[in-house]
Amino acid sequence: MSKTIFEKIIAREIPSDIIYEDDLVVAFRDIKPQAPTHVLLVPRKPVPRIAEAAAEDHRLLGHLLLKAAEVAAKLGLKPNGYRLVINNGPDGGESVPHLHCHILGGRHLGWPPG
Ligand code: DGP
C-alpha cells in the first residue's frame with residue numbers, strides 16, 4: 001500500500017508546520033485553512049477513517065481526543081471555544097484516507113455545517 005500524504009508528513013518526507021507530536025499522534029497546520037486556526041491531529045498509525053477503527057484502537061482514540069483539547073488550549077482557543085471535526089467517507093467530505101481530527105477556531109463557526 002502506498003503511503004498517504006499524512007504518513008509522508010509524519011515521516012518528514014514532505015514539509016509541514018508540525019506544532020505537536022508524541023509517540024501516538026502528530027499535529028500540524030492544515031494547508032488549506034478554513035478558519036484563522038486550523039490544525040490537523042493525526043494518529044501515527046494509519047487508520048484510514050473512524051469507521052475502520054478497531055477495538056484495539058480504544059486507547060489511541062481516547063488519546064487523540066484528549067490531545068485535541070490540549071492542542072486547542074495550547075493554540076489559545078479554549079476561552080472562546082473551537083470545533084473538532086472528523087470527516088468520514090464521501091458524504092462526510094473525507095479527502096485523505098488517514099484518520100484525522102480537524103481543530104478549527106479563531107472565528108465563530110456556523111451550524112449546521114455545509
Ligand atoms: P478531509 O477533507 O477531512 O479529509 O481533510 C483533509 C485535510 O487535509 C484538508 O483540510 C486539507 C489537508 N491537507 C491535504 N493535503 C495536505 C498537505 O499536504 N499538507 C497539509 N498540511 N494539509 C493537507
Side-chain angles (χ1 to χ4, degrees):
M1 276 271 280
S2 61
K3 282 186 183 174
T4 66
I5 193 95
F6 293 167
E7 283 177 278
K8 291 179 186 168
I9 286 173
I10 292 166
R12 263 63 172 194
E13 288 168 14
I14 61 170
S16 74
D17 188 1
I18 292 177
I19 59 163
Y20 174 80
E21 64 183 319
D22 62 29
D23 56 331
L24 292 177
V25 297
V26 179
F28 52 90
R29 292 190 191 273
D30 196 292
I31 205 168
K32 205 178 156 200
Q34 302 299 320
T37 300
H38 188 172
V39 163
L40 301 172
L41 183 63
V42 313
R44 289 184 185 275
K45 178 181 174 183
V47 177
R49 60 193 57 81
I50 192 67
E52 256 67 64
E56 70 189 32
D57 298 318
H58 183 264
R59 177 170 167 262
L60 174 62
L61 296 179
H63 186 79
L64 188 82
L65 273 185
L66 289 170
K67 286 299 164 186
E70 229 177 88
V71 170
K74 182 178 155 180
L75 292 166
L77 300 177
K78 194 172 177 182
N80 282 352
Y82 52 90
R83 185 170 295 168
L84 304 181
V85 174
I86 296 177
N87 295 325
N88 189 101
D91 279 0
E94 174 201 310
S95 61
V96 178
H98 184 139
L99 179 63
H100 50 283
C101 177
H102 295 259
I103 303 171
L104 296 148
R107 68 170 171 85
H108 182 76
L109 298 162
W111 191 264

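Atoms considered below: every heavy atom in the structure, side chains included; atoms not considered: hydrogens, waters and symmetry mates. Each ligand, and each atom within it, is numbered from 1 in the order the structure gives.
Side-chain N or O atoms of Glu52 include none that pairs as donor or acceptor with a backbone N or O of Arg49 at under 3.5 Å. Not a single donor-acceptor pair under 3.5 Å links the side chain of Arg107 to the backbone N or O of Thr37. Under a 3.5 Å cut-off, the side chain of Asn88 and the backbone N or O of Ala51 do form a donor-acceptor pair. The main-chain N or O of Gly110 is found under 3.5 Å from a side-chain atom of Arg83 such that the two form a donor-acceptor pair.
At least one heavy atom of Ile9 lies less than 4.0 angstrom from ligand 1. Heavy atoms of Lys32 come nearer than 4.0 angstrom to ligand 1 in no pair at all.
Taking any N or O of Val96, backbone or side chain, at least one lies under 3.5 Å from an N or O belonging to ligand 1. In terms of polar-atom proximity, His100 is counted as a contact of ligand 1, with an N or O under 3.5 Å from an N or O of the ligand.
Of all atoms in ligand 1, listed by their number and element, those nearer than 4.0 Å to a heavy atom of Phe6 are 8 (O).
The heavy atom nearest to atom 6 (C) of ligand 1, out of those in Ser16, Ser95, Gly93, Gly89, is found in Ser95.
By the criterion of a heavy-atom distance under 4.0 Å, neither the backbone nor the side chain of Val85 is placed next to ligand 1. Contacts of Gln34 with ligand 1, taken as heavy-atom pairs under 4.0 Å, are absent altogether. Under 4.0 angstrom from ligand 1, the non-hydrogen atoms of Asn87 all belong to its side chain.
A centroid separation of 6.0 Å or more is found between the aromatic rings of His98 and His100.
When the options Val42, Leu64, Asn87, Val85 are evaluated for a side-chain contact (heavy atoms from CB on, under 4.5 Å) with Cys101, the one that passes is Leu64.
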